[in-house]
Amino acid sequence: MTDRYAVIGNPIAHSKSPLIHAAFAAQTGQDIQYDRVLAPLDGFAATVASLRENGFRGANVTVPFKLEAFNLANRLTERASDAGAVNTLLFSEQDIVGDNTDGVGLVRDILNNLGVTVAGKRVLLVGAGGAAEGVLHPLLEQQPALLVIANRTLDKALSMVKKVEEQGDFRFVSVNAYAFEDLQGQAFDIVINATSAGLSDSRLPLPEDIFAPGALAYDMMYGRDTPFMQFARAHGARVADGLGMLVEQAAEAFFLWRGVRPETAPVIRSFKVSAS
Ligand code: ATR
């Protein structure tokens, strides 16, 4: 019997996840069906309950339900509890297991697909919302020399740093919070945009010399050339969007569900070709 999965979000029509999982299934010979499910904004839990009643084995969760998914899961993986958000659910008779594959997806894209190491580098994480929280621990695990979180609302960046300090797991990494105006005169090897500013085509107030020579500018958003990407390109950085992260987080979810690790490079390539 074909095992069923879905991605739940609102909106959901433009999600590429069904195409990515169909490509993984074809590549690995796994017999799955993967659908898009639009949940009403006040109906996430009911949507999950109905999928379970209909025999679904798991789901991905996207905007705006990652926090609700975290609260709904009755078991959490360590990386989900570190992230404070869930993007992957695994259903069994008794349990809803919540995992988070976003951070590992970002780190694998940077390391394996872009060939950039994070260890020993100066990293700037821009944003302090859910997307930034989701990738903070996996980035710190790579042991950068320095990780700065910059956010329009400084308090949110400060509380992310405070949480890391309280946990005490990353004593060998210097982790700081800055407002945008405090970034003057600093340069970073890796600059990651985890804000949603690109959605409204807003420009981030980053200094023009923020990119160290050879820096990587990574926008976690995909499917559009954001003002951040244009700014980075104009100031000499190597630029990547979040397509590789999207495929990598999907691969990790697929592995969790199916116990088989699909190859990501051909899938990323095929999406790049179809977008150009
Ligand atoms: P997500 O889950 O995508 O992270 P979020 O939790 O609402 O969504 O966080 C959005 C992030 O984008 C925040 O860091 C937000 O900054 P504030 O904390 O100051 O709100 C940032 N952001 C959104 N629009 C922005 C803009 N135009 N300029 C700068 N930062 C912006």
Side-chain angles (χ1 to χ4, degrees), residues 7-12 14-17 39 41 44 60-73 79-89 98-107 109 123-140 147-164 175-184 186 188 190-208 210 217-232 240-243 245-246 249:
V7 57
I8 311 170
N10 186 333
I12 201 63
H14 297 292
S15 171
K16 286 197 191 324
S17 292
L41 290 174
F44 176 71
N60 283 129
V61 179
T62 187
V63 177
F65 298 123
K66 291 184 187 184
L67 194 58
E68 270 186 79
F70 177 85
N71 291 325
L72 186 69
R79 57 195 182 185
S81 65
D82 286 342
V86 158
N87 79 330
T88 304
L89 296 170
D99 194 3
N100 191 313
T101 65
D102 285 329
V104 74
L106 171 69
V107 167
D109 191 36
V123 177
L124 174 62
L125 180 62
V126 188
E133 295 226 39
V135 299
L136 178 60
H137 273 248
L139 283 170
L140 289 172
L147 190 141
V148 168
I149 304 169
N151 197 46
R152 179 175 63 182
T153 312
L154 178 60
D155 272 356
K156 283 162 73 179
L158 284 167
S159 51
M160 280 174 72
V161 170
K162 191 161 161 237
K163 227 191 290 173
V164 168
V175 187
N176 298 308
Y178 288 149
F180 287 117
E181 52 273 24
D182 298 332
L183 292 170
Q184 287 300 339
Q186 303 212 42
F188 295 86
I190 301 175
V191 181
I192 298 166
N193 180 18
T195 73
S196 51
L199 281 177
S200 55
D201 278 332
S202 313
R203 188 170 125 33
L204 296 165
L206 295 172
E208 296 195 348
I210 196 78
Y218 193 106
D219 201 316
M220 284 170 50
M221 195 158 281
Y222 71 91
R224 61 200 294 165
D225 196 32
T226 63
F228 168 76
M229 292 166 71
Q230 293 164 17
F231 173 78
D241 75 357
L243 174 65
M245 172 178 175
L246 178 77
Q249 64 76 28

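Remember, it's 1-based here, ligands and their atoms both numbered in the order they're listed.
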Asker: Kindly tell me which protein residues have any non-hydrogen atom under 4.0 angstrom away from an atom of ligand 1, grouped by chain and ordered by number?
Answerer: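 Contacts of ligand 1 under 4.0 Å: Gly127, Ala128, Gly129, Gly130, Ala131, Asn151, Arg152, Thr153, Lys156, Thr195, Ser196, Ala197, Ser202, Leu204.
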Asker: Would you please test Asn193 and Thr195 for side chain to side chain donor-acceptor pair (under 3.5 Å) and show each step?
Answerer: CA-CA 6 Å; Asn193 180 18; Thr195 73; 2.8 Å; yes
Asker: Check each of Thr62, Asn60, Thr101 against Asn87 using the side chain to side chain donor-acceptor pair (under 3.5 Å) test, and report the only one that passes.
Answerer: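 Result: among Thr62, Asn60, Thr101, Thr101 is the only option passing the side chain to side chain donor-acceptor pair (under 3.5 Å) with Asn87.
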Asker: Salt-bridge test for Asp219 and Arg224: reply yes if a basic N is under 4.0 Å from a carboxylate O, no otherwise.
Answerer: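 No, no charged N to carboxylate O under 4.0 Å.
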Asker: Check for a donor-acceptor pair, side chain of Asn151 on one end and backbone N or O of Ala128 on the other, with a separation under 3.5 Å.
Answerer: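 Judged by distance alone, yes, a pair lies under 3.5 Å.
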Asker: With Asp225, which residues qualify under salt bridge (charged side-chain N to carboxylate O under 4.0 Å, His left out), at least two apart?
Answerer: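 So Asp225 forms a salt bridge (charged side-chain N to carboxylate O under 4.0 Å, His left out) with Arg233.
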Asker: Any donor-acceptor pair under 3.5 Å linking the side chain of Asn100 with the backbone of Arg79?
Answerer: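 A pair under 3.5 Å: no.
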